[in-house]
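The next block holds one structure in the form of structure tokens; read it before the comments.
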Amino acid sequence: IRKQQLIPKAQYGGRHAVTMLPGGGIGPECMGYVRDIFKYIGAPVDFEVVDIDPNVDNDDDVQYAITTIKRNGVGIKGNIETKSEAAYVTSRNVALRNELDMYAYVLNCKSFPGVCTRHKDIDITIIRQNTEGEYAMLEHESVRGVIESMKVVTASNSERVARFAFEFAKKNGKKKVTTVHKANIMKLSDGLFLETSRRLAKEYPEIEHNDMIIDNCCMQLVAKPHQFDVMLMTNLYGSIVSNVVCGLLGGAGLLSGRNYGDHYAVFEPGTRNTGTAIAGKNVANPIAMINASIDMLEHLGHHYHAELLRRAVHRTVNEDRVLTPDCGGTASSTDVVNSIIGNIGQVGH
Ligand code: ADP
Ligand code: MG
């Protein structure tokens, strides 16, 4: 087995260089808040900002972004738009994940006590295959009026992500891994994914393993979410289930997600939304991006700054309940950021 080597690379005088890809919609304003907060707490991180023009059909910007992430080892991103509808212009977000071989996506979904929701005390981790499956982007018109779209599942990637899930469960004291699939219909592709996870489960006898068909899984999630611990699934199911769970916990603006390969890590808001309709109005919930920045600080080993910021966010969201409208509050984005900055002084130093 190849050993995971998630070692942040670029470090100069104790400071880390991190690639920042603001993306479109609310990305740039949320990144602005992260930079303001980092400046305030003196986080030892220097951002290398790369803007990607959504209107251009070539991928020069994306290639440059990939080069900088390879150099820095770590990135933080908003959702990058691809305006072109030409079939040969593929999603930049997908290209980035594929070229950096970030095969695992991790979404920690833990309830926020200050956000009013139907279910309390949910604690689920979604682990999603992040580079293949339904996102192979191999579509063609075989004869006129007939489109074929390939779903690619490989033994090697199924094994890597399954191992990632069981290792994650082991390291984090989780008790159960549930593989989510549709192997009753997609017998070969989802069948391989399911069989692989069953085989690996045998290497982890201390962790319970079960599986669930995706449609039942969605019903179970909204009705009885507490039965889930770690969930493992292919790419598209991961996208949908992530959004279901984000919805259960208070919407698109709270959770952060992590993209991992053997060498690189990229942090971003959990639902990967662009938020075009709410951009520039000072209403976007900045918490998802700020949580992504906390994940990034943690990954870089800056535990002091990560913890300082985590405690301040906790106060703002769960105690002071300074919340944007998507979470039932009346605060603006900047009210939330100012509350966090105010709380840093209270909880820290
Ligand atoms: P898409 O990625 O499909 O463009 P949207 O950007 O439309 O998705 O986001 C889906 C929904 O979530 C929209 O109603 C949007 O306003 C909302 N949303 C996304 N991000 C945030 C955020 N940070 N704060 C508040 N609402 C958000
Ligand atoms: Mg989208």
Side-chain angles (χ1 to χ4, degrees), residues 20-37 52-55 76-85 89-97 105 107-112 114-117 126 128 130 134-135 137 222 235-259 266-296 309 313 316-318 321-340:
M20 177 182 268
L21 309 175
I26 58 172
E29 62 198 69
C30 290
M31 290 301 190
Y33 305 139
V34 168
R35 290 161 79 168
D36 291 346
I37 292 170
I52 297 175
D53 185 346
N55 297 303
I76 183 166
K77 74 185 277 291
N79 204 40
I80 302 161
E81 292 171 289
T82 310
K83 290 252 168 80
S84 173
E85 282 171 11
V89 182
T90 53
S91 159
R92 270 116 210 222
N93 302 291
V94 175
L96 197 91
R97 296 195 286 269
Y105 187 68
L107 187 71
N108 273 333
C109 313
K110 205 168 182 334
S111 292
F112 297 80
V115 179
C116 194
T117 50
I126 295 169
R128 159 184 180 186
N130 207 25
E134 305 82 350
Y135 284 53
M137 300 190 296
V222 296
N235 212 341
L236 183 61
Y237 306 149
S239 169
I240 296 164
V241 169
S242 293
N243 275 253
V244 171
V245 181
C246 284
L248 285 175
L249 264 55
L254 291 168
L255 302 178
S256 54
R258 301 173 277 155
N259 300 275
V266 173
F267 303 88
E268 66 183 329
T271 52
R272 294 176 171 165
N273 288 122
T274 316
T276 313
I278 55 170
K281 296 182 174 158
N282 199 14
V283 295
N285 191 339
I287 298 294
M289 192 69 85
I290 293 168
N291 278 335
S293 79
I294 295 174
D295 295 343
M296 184 201 79
L309 192 45
V313 168
T316 292
V317 174
N318 297 322
R321 303 189 64 187
V322 179
L323 302 170
T324 44
D326 53 299
C327 291
T330 54
S332 65
S333 317
T334 43
D335 290 339
V336 175
V337 173
N338 290 333
S339 161
I340 291 169

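We count ligands from 1, going down the list as the structure has it; atoms in each ligand are counted the same way.
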Using a 4.0 Å cutoff against the non-hydrogen atoms of Ala284, which atoms of ligand 1 qualify? 24 (N)

Taking 4.0 angstrom as the limit and counting only heavy atoms of Gly253, give me the atoms of ligand 1 inside it, by number and element. 22 (C), 23 (N)

Ligand 1 contact on [X] by region, counting heavy-atom pairs under 4.0 Å:
X	value
Thr274	both
Ile278	side chain
Ile26	side chain

Centre of Phe112's six-membered ring, under 6.0 Å away, within 45 degrees of the axis: is that where NZ or CZ of Arg321 sits? no

May I ask you to check if Arg128 and Tyr135 form a cation-pi contact, with NZ or CZ under 6.0 angstrom from the six-membered ring centre and within 45° of the axis? yes

Look only at interatomic distance and state if Ala252 has a nitrogen or oxygen under 3.5 Å from any nitrogen or oxygen of ligand 1. no

Check whether any N or O atom of Asn79, backbone or side chain, sits under 3.5 Å from an N or O atom of ligand 1, and answer yes or no. no

Among residues at least two apart in sequence or on other chains, which ones pass salt bridge (Lys or Arg N to Asp or Glu O under 4.0 Å) with Glu81? none

Just to verify, what does Val283 make a side-chain contact (heavy atoms from CB on, under 4.5 Å) with, not counting sequence neighbours? Ile278, Lys281

I need the Ile76 CD1 to Arg35 CZ distance, nearest 0.5 Å. 11.0 Å

Heavy atom of Ala288, distance to ligand 1 below 4.0 Å: no

Can you confirm whether Thr324 sits close enough to Val336 that some side-chain heavy atom of one is under 4.5 Å from a side-chain heavy atom of the other? yes

